[in-house]
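In what follows, a structure is listed as structure tokens, so that the remarks can point back to it.
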Amino acid sequence: MILAELSYKTLLNSSSFFMEIIKYFPPILILMGLLDTWIPKEKIQTYLGDRSGVRGAFLAILLGSAAAGPLFAAFPIAKSLSQKGVRTANTVIFLGAWATIKIPMIIMESSFLGIRFALLRLVITIPFIILIGHLVERFNSRDIIS
């Protein structure tokens, strides 16, 4: 029976994904707790808030590209940052950098495809991440992310 086989495969895939999430969940919670405790809201607002400008976008890219872990780990952290006053554009830039500009990924990409390709991809990717961040901020209210 095809439906039973499909159901079984779906159950296996779902349980595998659930186990992966459970593996990352405790460190995410610890990181969010440390972020809330160690970094005052005023500092985050100064460096990543509404008046942070280019410096805020650069810092969001740096934080996102230095992070480790799967993309689903970035969303609770981005939510926590947003609640501390990070502007929407910088939150989206952080998520975009986490998804596309990880430092280990750049190193591996350089070794397989060449440094020229990796740098060209970075030069193309970074402006679009920033553009998308600002477009999301312009067309959506803060209530959607917060």
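The residues of the chain are indexed from 1 along the displayed sequence. As the structure is a computational prediction, the values presented were derived from the model and not from experiment.
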Practice task
Keeping to residues at least two apart or across chains, list the salt bridge (charged side-chain N to carboxylate O under 4.0 Å, His left out) pairs with something in residues 8-18.
Solution key: Glu5-Lys9

Problem - Pairs satisfying side chain to side chain donor-acceptor pair (under 3.5 Å), at least one member in residues 38-47, at least two apart - result: none

Exercise for the section: Report the distance from atom CD1 of Ile93 to atom OG1 of Thr88, rounding to the nearest 0.5 Å. Expected result: 10.5 Å

Completion exercise
Of all heavy-atom pairs linking Ile44 and Leu81, the shortest is CD1-CD2, 4.2 Å

Exercise for the section: Any pair with a residue in residues 57-73 that passes salt bridge (charged side-chain N to carboxylate O under 4.0 Å, His left out), sequence neighbours left out, goes on the list, sorted by first then second residue, please. Expected result: none

Handout entry: 4.5 Å side-chain heavy-atom contact, Phe94 and Leu48
Key = no

Exercise for the section: Would you name the heavy atoms of Ile39 and Lys84 that are closest together and state the gap between them? Expected result: O-NZ, 2.6 Å

Practice task
Show which residues join Ile103 in its hydrophobic cluster (side-chain heavy-atom contacts under 4.5 Å, direct or indirect), or state none.
Solution key: Ile107

Using distance only, find each side-chain donor-acceptor pair of residues 62-75 under 3.5 Å and give its atom names and separation, not counting sequence neighbours.
from  : atom 1 : to    : atom 2 : distance (Å)
Ser65 : OG     : Ile61 : O      : 2.9
Ser65 : OG     : Leu62 : O      : 3.2

Scan the side chains in residues 11-25 for donor-acceptor partners under 3.5 Å anywhere in the protein, sequence neighbours excluded, and list what turns up.
from  : atom 1 : to    : atom 2 : distance (Å)
Ser14 : OG     : Thr10 : O      : 2.9
Ser15 : OG     : Leu11 : O      : 3.1
Ser15 : OG     : Leu12 : O      : 2.9

Problem - Ser52 and Asn90 side chains, donor-acceptor separation under 3.5 Å - result: yes

Completion exercise
Shortest non-hydrogen pair, Asp50 vs Arg87, comes out as OD1-CB, 3.3 Å

Problem - Listed once per pair and sorted, the salt bridge (charged side-chain N to carboxylate O under 4.0 Å, His left out) pairs that draw on residues 90-103, sequence neighbours left out - result: none

Show me, pair by pair, the donor-acceptor contacts under 3.5 angstrom made by side chains of residues 110-127, not counting sequence neighbours?
from   : atom 1 : to     : atom 2 : distance (Å)
Ser110 : OG     : Ile106 : O      : 2.8
Ser111 : OG     : Met108 : O      : 2.8
Arg121 : NE     : Glu109 : OE1    : 3.0
Arg121 : NE     : Glu109 : OE2    : 2.8
Arg121 : NH1    : Thr100 : O      : 3.0
Arg121 : NH2    : Thr100 : O      : 3.0
Thr125 : OG1    : Arg121 : O      : 2.6

Completion exercise
Nearest heavy-atom approach of Ala97 to Ile129 is N-CD1, 4.0 Å

Practice task
Find out if a path of hydrophobic residues (ILVMFWY) with successive side-chain heavy-atom gaps under 4.5 Å connects Ile130 to Ile101.
Solution key: yes

